[in-house]
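Written out below as structure tokens is the structure these notes cover.
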Protein chains: 2
Amino acid sequence: MNLEYADALNQAIRLLSLRHRARAAQLLAPLGLHVGQEALLLELDRTGPRIQAQLSEALGCEPPSVTLMTRKLETSGHIERTPDPTDKRATVVALTDSGKAVAEQIRQLWVTLAEETVRDLPAEMLEQLPGILHTMSTNVNGKPPA
Amino acid sequence: MNLEYADALNQAIRLLSLRHRARAAQLLAPLGLHVGQEALLLELDRTGPRIQAQLSEALGCEPPSVTLMTRKLETSGHIERTPDPTDKRATVVALTDSGKAVAEQIRQLWVTLAEETVRDLPAEMLEQLPGILHTMSTNVNGKPPA
DNA sequence: CAAATAATCTTATGCGCGTAATGAATGATG
DNA sequence: CATCATTCATTACGCGCATAAGATTATTTG
């Protein structure tokens with residue numbers, strides 16, 4: 001692969017990351033949320049209560065990050081953390097009623113965000129896009145599958 | 001647009017951002033660089049010396065971020081900051097020899113990163129991909145063009 | 001079963017990037 | 001020319017995310 005293509009591709013990914021994140025932050029601010037927290041709330045809303053190790057895996061970020069995120073979301077009242085009765089190391093994280101309500105609001109905002117993002121793209125690209133992005137992120141995943 | 005598609009798309013963008021960034025960090029660590037700094041060095045290498053306001057624009061991040069990044073890259077010896085003779089508010093940022101050398105190394109690493117990222121994607125997708133990502137990032141840019 | 005290994009979470013620390021507020025130099029306007 | 005608005009950079013602070021190091025509980029295994 002040539003240098004120019006690689007540079008353009010990596011730069012485009014970087015810029016998309018920054019701007020998508022910035023726009024997400026704008027949309028989430030009225031809910032009193034910081035960007036990143038929405039992923040945790042949506043995950044819990046999709047799957048029900050999880051322990052932090054599972055959240056870490058699902059969100060693609062490290063355990064210490066999850067510790068801090070859950071602590072802040074607990075302070076703001078959107079989640080509850082209770083000790084796991086079957087494993088004294090683990091803590092179970094669950095949505096509160098407030099958390100469920102805000103998860104619904106996030107879903108609405110995310111339609112807005114996604115529509116903005118793919119505006120002007122051809123329809124056949126829309127079909128392929130999530131799969132392509134998913135392929136790219138698994139391609140670039142440095143973690144060994146063991 | 002339906003909720004599931006929007007959720008999948010935003011989640012895929014988020015994951016790609018995290019993992020691409022994480023892999024970039026792995027590759028840059030041996031050079032003593034932190035992720036984000038490479039963008040500044042590459043920009044200077046492409047265009048020659050710039051003042052910080054121009055870097056802020058080109059990198060898509062805010063002036064205070066540029067202040068901190070340039071300060072650290074100056075400490076590590078990759079750039080020089082000199083007052084702009086024609087505008088006493090501005091400071092000109094330029095690559096040192098060390099900075100030019102490391103920029104070349106980054107270009108090589110970025111071929112590796114790009115090749116990993118698009119592995120398994122069809123060739124016709126490779127042609128379109130940078131343009132698509134660019135369209136998406138300009139779509140989602142909240143800043144008013146004024 | 002005892003001992004080593006692994007899993008789960010936490011604390012400490014650092015960087016990237018953001019917003020808000022400030023100071024200084026420039027440019028525009030009455 | 002004096003004033004006011006804009007531009008450039010900075011400091012202070014906060015969050016997301018990372019790694020490194022540690023404590024505690026589970027699990028494997030000799």
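Just so it is clear: chains get the letters A, B, ... in the order the sequence lines come, proteins before strands, and each one is counted from 1. Below, each value reflects all heavy atoms present in this structure, side chains not excepted, and no hydrogens, waters or symmetry copies.
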Q. Looking for any heavy atom pair under 4.0 Å, which part of the strands does A:D84 touch: base, sugar-phosphate only, or nothing?
A. nothing
Q: Take atom NE2 of B:H20 and atom C1' of D:dC17, then tell me their distance rounded to the nearest Å.
A: 17 Å
Q) B:K88 NZ to C:dA25 C1': how many Å, rounded? A) 9 Å
Q. Is B:L16 reachable from B:Y5 through a run of I, L, V, M, F, W or Y residues, each pair having side-chain heavy atoms under 4.5 Å apart?
A. yes
Q) Hey, does the side-chain of B:R89 have a donor or acceptor N/O within less than 3.5 Å of a partner on the base of C:dT26? A) no
**Q.** Nearest-nucleotide 5' precedence on DNA chain C, A:L18 against A:V92
**A.** A:V92
Q: Output all residues satisfying side-chain contact (heavy atoms from CB on, under 4.5 Å) with A:L42, sequence neighbours left out; order by chain, then residue number.
A: A:R46, A:I106, A:R107, A:W110, B:D7
Q) Between D:dA26, C:dT10, D:dT19, which nucleotide has the shortest distance from any of its atoms to the side chain of A:E62? A) D:dT19
Extract all donor-acceptor atom pairs below 3.5 Å that involve side chains of residues 54-61 of chain A and protein atoms in other chains or at least two apart in sequence.
residue : atom : partner : partner atom : Å
A:Q54   : OE1  : A:R50   : NE           : 3.3
A:Q54   : OE1  : A:I51   : N            : 3.2
A:S56   : OG   : A:C61   : O            : 2.6

Q. Would one find more than 12 heavy atoms of other residues, nucleotides or ligands at under 6.0 Å from atom CD of A:E80?
A. no
Q: Compare the minimum distances between each of C:dC9, D:dC17, D:dA26 and the side chain of B:R14, then state the nucleotide with the smallest one.
A: D:dC17
(Q) Heavy atoms within less than 4.0 Å of DNA chain C: which residues of residues 43-59 of chain A have one? Give them sorted by number. (A) A:I51, A:Q52, A:A53
Output one line per pair: protein atom, nucleotide atom from nucleotides 11-15 of chain D, and distance, for all N/O pairs under 3.5 Å.
residue : atom : partner : partner atom : Å
D:dT11  : OP2  : B:R71   : NH1          : 3.4
D:dT11  : OP2  : B:R71   : NH2          : 2.2

Q. Are any side-chain N or O atoms of B:E38 and backbone N or O atoms of B:G36, one a donor and one an acceptor, separated by less than 3.5 Å?
A. yes
Q) So, is B:S65 near the phosphate of C:dG18, with a side-chain N or O under 4.0 Å from OP1 or OP2? A) yes
Q | Whole-Å gap separating C1' (C:dC17) and CZ (A:R19) | A | 14 Å
Q: Would you mind reporting whether A:L27 and A:V35 have side-chain heavy atoms less than 4.5 Å apart?
A: no
(Q) I need the CG-C1' distance between B:L28 and D:dT19, as an integer number of Å. (A) 16 Å
Would you list the atom pairs, donor with acceptor, under 3.5 Å between side chains in residues 65-72 of chain A and any protein atom, with sequence neighbours excluded?
residue : atom : partner : partner atom : Å
A:T67   : OG1  : A:P63   : O            : 3.3
A:T70   : OG1  : A:V66   : O            : 2.8
A:T70   : OG1  : A:T67   : O            : 2.9

Q) Do side-chain atoms of B:T96 reach the backbone of B:H78 as a donor and acceptor pair under 3.5 angstrom? A) yes
Q | Listed nucleotide nearest any side-chain atom of A:A90, set C:dC17, C:dC9, D:dA18 | A | C:dC9
Q | Sequence neighbours excluded, every pair satisfying salt bridge (Lys or Arg N to Asp or Glu O under 4.0 Å) that has a member inside residues 111-120 of chain A | A | A:R23-A:E116
Q: By nearest nucleotide on DNA chain D, pick out whichever of A:C61 and A:T86 is the more 5' one.
A: A:C61
Q.
Can you measure A:D87 atom CG to C:dC9 atom P for me and round it to whole angstrom units?
A. 8 Å
